[in-house]
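Okay, so here's the structure we're looking at.
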Protein chains: 2
Amino acid sequence: MSQNQTTRPTESELEILQILWEHGPSSVRFVNDKLNEEREVGYTTTLKLMQIMADKGLVKRNTESRTHIYEAAAGESDMQQRLLKRFVDKAFRGSAMKMVMQALGNHEASAEELDEIKALIRRLESGEGD
Amino acid sequence: MSQNQTTRPTESELEILQILWEHGPSSVRFVNDKLNEEREVGYTTTLKLMQIMADKGLVKRNTESRTHIYEAAAGESDMQQRLLKRFVDKAFRGSAMKMVMQALGNHEASAEELDEIKALIRRLESGEGD
DNA sequence: AAGTATATACGAAAGGATTCGTATAAGCAA
DNA sequence: TTGCTTATACGAATCCTTTCGTATATACTT
């Protein structure tokens with residue numbers, strides 16, 4: 001049944017994880033309602049997906065009450081880290097810096113955001129990276 | 001047949017595009033050989049994939065000689081931009097800056113790379129962004 | 001010319017993701 | 001209790017991606 005924790009979510013699964021990260025442990029009904037704020041999805045579709053995710057180990061579920069409660073198995077940052085690594089490999093041939101440059105160059109960063117990044121760079125340069 | 005230019009490549013298709021971007025217009029044989037440096041892939045598999053890509057409009061092909069020559073339809077940066085946007089939306093809920101911070105925080109940037117980024121930030125701050 | 005090597009075209013199998021219909025069980029309301 | 005609402009479970013259809021077998025055409029070699 002449950003797989004190792006390096007399983008990658010599909011796009012639909014990731015969409016569900018986003019909801020779980022944002023709202024915490026939730027029922028299928030709740031997740032499905034949230035999804036339907038964006039696009040039409042049948043209830044059993046969402047249910048099936050979440051069952052598969054439980055199977056893959058992407059979510060944990062509490063089956064004590066009739067309404068099962070699902071919770072993301074990994075933290076959002078952990079998952080982002082994993083997905084980012086793979087994305088950089090696939091789309092930027094492994095060059096994270098190239099990707100950062102692209103992102104910075106195109107994404108209209110605010111002064112505050114740039115300050116944040118500068119602060120981070122200072123920390124990195126002073127060897128406190130990590 | 002040929003689709004609009006916002007078609008997204010699958011992972012396998014992206015792998016082929018990488019080769020085309022790196023080496024320029026190429027034959028199926030050449031691409032297949034390159035792929036086989038990484039992992040085993042049958043020739044007709046690569047052929048089929050590239051035909052589908054031509055169909056989708058991801059590559060252009062010159063069929064004048066017996067050996068067709070394929071070329072990426074979009075530039076690497078254009079495609080990266082497109083993929084990056086979608087990735088940020090899906091994995092970082094649209095926050096490019098959050099993603100940049102993650103990437104910087106974890107990817108052991110060299111001093112030179114950090115300098116590059118600092119230079120870019122200076123340019124952005126002086127309003128020359130774009 | 002005959003045989004070999006190499007190309008594309010086509011179709012279809014295999015696997016995974018996504019969707020949902022239907023069955024069944026549990027709780028609630030009259 | 002009987003019926004209505006709302007859960008989960010299960011199986012299967014559909015669609016997309018990936019893979020490759022086979023057919024056929026084109027060029028090269030002797």
Side-chain angles (χ1 to χ4, degrees), chain A residues 1-4 6-20 25-36 38-71 83 86-87 90-91, chain B residues 1-4 6-20 25-36 38-71 83 86-87 90-91:
Chain A
M1 311 273 170
S2 100
Q3 308 285 78
N4 69 58
T6 52
T7 312
R8 282 185 321 121
T10 67
E11 285 203 353
S12 295
E13 289 168 346
L14 185 53
E15 223 176 334
I16 290 174
L17 285 176
Q18 301 288 12
I19 292 169
L20 294 180
S26 310
S27 67
V28 174
R29 174 65 57 198
F30 179 83
V31 170
N32 186 247
D33 285 350
K34 283 291 168 194
L35 287 177
N36 274 278
E38 302 299 322
R39 58 191 179 86
E40 197 175 331
V41 203
Y43 175 83
T44 53
T45 301
T46 303
L47 170 65
K48 181 69 162 188
L49 222 23
M50 292 176 76
Q51 286 172 337
I52 290 171
M53 290 169 75
D55 216 58
K56 289 183 178 174
L58 288 170
V59 294
K60 290 178 272 196
R61 72 174 160 179
N62 182 329
T63 59
E64 275 169 30
S65 60
R66 185 165 90 102
T67 300
H68 297 355
I69 298 299
Y70 292 73
E71 183 181 359
L83 295 175
R86 190 180 176 88
F87 178 72
K90 291 284 178 184
Chain B
M1 310 273 164
S2 101
Q3 309 287 75
N4 68 58
T6 52
T7 312
R8 282 184 319 120
T10 65
E11 284 202 353
S12 296
E13 290 169 347
L14 185 54
E15 223 175 335
I16 289 174
L17 285 176
Q18 302 285 14
I19 292 170
L20 294 179
S26 311
S27 67
V28 174
R29 174 65 56 198
F30 179 83
V31 170
N32 186 247
D33 285 351
K34 283 291 167 191
L35 287 177
N36 274 279
E38 301 299 322
R39 60 193 177 86
E40 196 175 331
V41 203
Y43 174 83
T44 54
T45 301
T46 304
L47 170 65
K48 181 68 164 188
L49 221 24
M50 292 176 75
Q51 288 172 335
I52 290 172
M53 290 169 77
D55 217 56
K56 288 183 180 176
L58 287 171
V59 296
K60 290 179 273 195
R61 72 173 160 180
N62 182 329
T63 60
E64 275 167 31
S65 59
R66 185 165 91 103
T67 301
H68 298 355
I69 298 299
Y70 291 74
E71 182 183 359
L83 295 176
R86 190 181 175 87
F87 177 72
K90 290 284 178 186

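Sequence lines set the chain letters: A, B, ... in the order given, protein chains first and strands last, and positions in each chain run from 1.
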Open item on the list: Quick check: any donor-acceptor pair below 3.5 Å linking the side-chain of Arg66(A) to the base of dT6(D)?
Closed with: yes
Are [X] and [Y] packed together at the side-chain level, in the sense that at least one heavy-atom pair is separated by less than 4.5 angstrom?
X: Val41(B); Y: Leu49(B); result: no
X: Ile16(A); Y: Met50(A); result: yes
X: Glu15(B); Y: Leu35(B); result: yes

In whole angstrom, give the distance that lies between atom [atom1] of [X] and atom [atom2] of [N].
X: Gln51(A); N: dC10(D); atom1: CD; atom2: P; answer: 8 Å
X: Met53(B); N: dT18(D); atom1: CE; atom2: C1'; answer: 13 Å
X: Asn32(B); N: dT8(C); atom1: CG; atom2: P; answer: 11 Å
X: Asp55(A); N: dT8(D); atom1: CG; atom2: P; answer: 16 Å
X: Asn62(A); N: dT8(D); atom1: CG; atom2: C1'; answer: 15 Å
X: Leu47(A); N: dC10(D); atom1: CG; atom2: C1'; answer: 10 Å
X: His68(B); N: dA25(D); atom1: NE2; atom2: C1'; answer: 11 Å
X: Ile69(B); N: dT8(C); atom1: CD1; atom2: C1'; answer: 13 Å

Task: Closest contact, heavy atoms only, Pro25(B) versus Ile69(B) - done: CB-CG2, 3.6 Å
Task: Main-chain N/O of Asn32(A) paired with Asn36(A) side-chain donor or acceptor, under 3.5 Å - done: yes
- [ ] Measure from the side-chain N and O atoms of Gln18(B) to the backbone N and O of Lys90(A), and report whether any donor-acceptor pair falls under 3.5 Å.
- [x] yes
Open item on the list: Base contacts versus sugar-phosphate-only contacts with protein, heavy atoms under 4.0 Å: please encode nucleotides 12-19 of chain C as B, S and - from 5' to 3'.
Closed with: B----SBB
Open item on the list: It should be established whether Tyr43(A) places a side-chain nitrogen or oxygen under 4.0 Å from OP1 or OP2 of nucleotide dT8(D).
Closed with: yes
